[in-house]
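Worksheet: one structure, shown below.
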Protein chains: 2
Amino acid sequence: MITKTSLLATRALVFLAEAEQGVVASPRSIAARLGESPAYMAKVLRSLVKAGILRAEHGRKGGVLLNRRSSDVTLLAIVEACQGAIAGSYCQDIDDLRITCAFHKAAVELRDSVVNALSRWTLEQLAASPRPTKRLPGDAHCMMVGFAVSIAPGGAGTRSRSQKRTRRR
Amino acid sequence: MITKTSLLATRALVFLAEAEQGVVASPRSIAARLGESPAYMAKVLRSLVKAGILRAEHGRKGGVLLNRRSSDVTLLAIVEACQGAIAGSYCQDIDDLRITCAFHKAAVELRDSVVNALSRWTLEQLAASPRPTKRLPGDAHCMMVGFAVSIAPGGAGTRSRSQKRTRRR
DNA sequence: CTCAGACAATATTTATCCGAGTTAGCACAG
DNA sequence: CTGTGCTAACTCGGATAAATATTGTCTGAG
């Protein structure tokens with residue numbers, strides 16, 4: 001539902017939101033800080049620039065920085081920047097729901113639920129509490145911190161490939 | 001979000017709900033009626049049997065029939081039968097949300113939104129209004145009727161392969 | 001450093017196929 | 001009328017294949 005790309009984008013944005021205002025960070029430094037692949041990070045950040053969430057600075061000391069206040073960036077905007085628009089409907093968009101099948105109505109309701117849930121959260125809120133406040137029970141890990149857990153349906157916890165390859169600091 | 005497999009399962013179940021009570025239908029006949037591939041239909045129906053939504057009858061005149069009242073079958077159960085459990089959370093399941101990061105809280109809220117939206121709809125409701133009541137505007141098509149539309153993010157309408165190959169009646 | 005892709009690797013979804021087993025229908029011999 | 005054998009139509013549990021999507025890398029130009 002939320003892809004690994006969207007999660008990485010969120011983590012990068014939280015990192016930038018926590019940084020000093022106006023600080024320009026390069027994809028390489030963000031990737032190093034988060035323990036992820038620089039090439040992949042660059043790609044993800046590009047889609048955030050394209051969506052207007054980030055602004056890029058060219059040149060030798062270039063990189064990216066937040067283009068809006070973190071209170072103005074919703075989780076919906078982040079997810080849509082990475083995954084594209086939340087599916088409109090499972091029938092084509094039709095204004096008058098009275099004439100559609102019941103399944104269409106259910107699909108619209110589902111989409112609205114997802115959009116509402118994602119819209120309620122902002123980058124500011126995510127950055128205010130970016131990590132667990134205590135040690136998680138058992139061998140649970142927090143994905144915002146960097147141990148990837150499979151989020152496939154019925155997901156079993158596994159290390160992502162990038163985790164295996166990229167040395168964490 | 002809702003895969004093509006889940007959609008096909010829903011269409012098959014609506015078909016069975018509309019049929020007479022207790023009627024056993026074979027995958028081949030359901031596939032023919034819905035204009036889909038018999039082999040794929042058989043596979044989809046097997047997962048519904050496994051989930052207890054349908055019951056199978058062996059033998060020459062075998063097939064499937066509803067195992068519960070249609071008012072007791074939720075859209076959530078159908079989707080989970082096909083796609084697996086709606087992702088628990090993007091961190092491992094943790095009861096005490098007070099100690100998790102904000103993103104975890106958002107993820108749990110998102111999952112709950114999806115589960116709630118899907119739980120609100122039953123097979124009975126979907127079967128009560130299985131088709132649009134009027135001709136849809138433009139060249140829009142209803143997926144419950146059988147013209148597949150791409151539901152990928154930013155989806156553009158396309159014919160599914162099975163639609164191209166299987167002659168509709 | 002960014003950018004815009006192209007490309008590659010991996011994973012998931014869609015779809016088919018197969019052998020073993022179950023059940024019913026039918027032809028035929030007795 | 002009964003028993004037998006064959007055939008056909010089904011289920012089941014996977015394995016396999018094709019198509020699509022996601023993750024991740026690379027390159028040249030700026």
Side-chain angles (χ1 to χ4, degrees), chain A residues 1-9 24-31 34-51 54-65 67 79 82-84 87 148 150-156 158-166, chain B residues 1-9 24-32 35-51 54-65 67 79 82-84 87 148 150-156 158-166:
Chain A
M1 202 150 47
I2 290 189
T3 65
K4 189 178 171 185
T5 298
S6 298
L7 178 63
L8 184 58
V24 173
S26 70
R28 194 200 286 182
S29 68
I30 301 174
L34 300 181
E36 298 291 341
S37 149
Y40 191 29
M41 179 65 73
K43 176 179 179 139
V44 169
L45 294 178
R46 270 202 291 287
S47 64
L48 293 174
V49 168
K50 199 162 183 173
L54 291 179
R55 181 158 52 82
E57 302 235 317
H58 289 246
R60 184 181 164 83
K61 285 188 170 179
V64 294
L65 71 169
N67 192 38
V79 169
C82 299
Q83 298 176 212
S150 170
I151 54 179
T158 55
R159 286 285 192 90
S160 69
R161 296 292 293 270
S162 66
Q163 285 307 311
K164 286 171 189 160
R165 290 208 293 281
T166 308
Chain B
M1 203 148 48
I2 291 190
T3 64
K4 186 178 172 184
T5 298
S6 297
L7 177 64
L8 184 57
V24 173
S26 69
R28 195 203 283 183
S29 68
I30 301 174
E36 297 292 340
S37 149
Y40 190 30
M41 179 65 72
K43 177 180 179 136
V44 170
L45 294 178
R46 265 201 298 288
S47 62
L48 292 173
V49 169
K50 199 163 181 170
L54 291 178
R55 180 159 53 82
E57 301 235 319
H58 289 246
R60 179 183 165 88
K61 284 189 168 177
V64 292
L65 70 170
N67 194 36
V79 168
C82 298
Q83 299 175 211
S150 171
I151 54 180
T158 56
R159 286 283 191 94
S160 71
R161 293 294 291 271
S162 66
Q163 285 307 311
K164 288 169 190 158
R165 288 208 294 282
T166 308

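Proteins get letters first, then strands, A, B, ... in listed order; numbering begins at 1 in each.
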Heavy atoms only: give me the nearest A/Pro27-A/Met41 pair and the separation to one decimal. O-CG, 3.6 Å
Spacing of B/Leu8 atom CG relative to C/dT16 atom P, expressed in whole Å: 11 Å
Is any side-chain nitrogen or oxygen of B/Lys4 closer than 4.0 Å to OP1 or OP2 of C/dA15? yes
Would you say C/dT12 has OP1 or OP2 under 4.0 Å from some side-chain N or O of B/Thr3? no
Quick one: list whatever passes side-chain hydrogen bond (donor to acceptor under 3.5 Å, both in side chains) with B/Thr5, sequence neighbours left out. B/Tyr40
Every protein N/O lying under 3.5 Å from an N/O of nucleotides 1-3 of chain C:
from	atom 1	to	atom 2	distance (Å)
C/dC1	OP2	A/Arg28	NH2	3.3
C/dC1	O4'	A/Gly59	O	3.3

Under the side-chain hydrogen bond (donor to acceptor under 3.5 Å, both in side chains) test, residues paired with A/Ser47 that sit two or more places apart: none
Pairing residues for A/Arg55 by the side chain to side chain contact (heavy atoms under 4.5 Å, CB included) criterion, not counting sequence neighbours: A/Glu57, A/Leu65, A/Asn67
Under 4.0 angstrom between B/Thr5 side-chain N/O and C/dT13 OP1 or OP2: no
To the nearest Å, how far apart are A/Lys43 NZ and D/dA21 C1'? 12 Å
How many Å lie between OH on A/Tyr40 and P on C/dG5, as a whole number? 19 Å
Contacts of B/Ala39 that satisfy side chain to side chain contact (heavy atoms under 4.5 Å, CB included) - sequence neighbours left out: B/Ser37
Note: B/Val24 and B/Gly62 closest approach over all heavy atoms is CG1-C, 3.9 Å
Take the protein atom CD of B/Glu36 and the nucleotide atom P of C/dT14, then report the distance between them rounded to whole Å. 11 Å
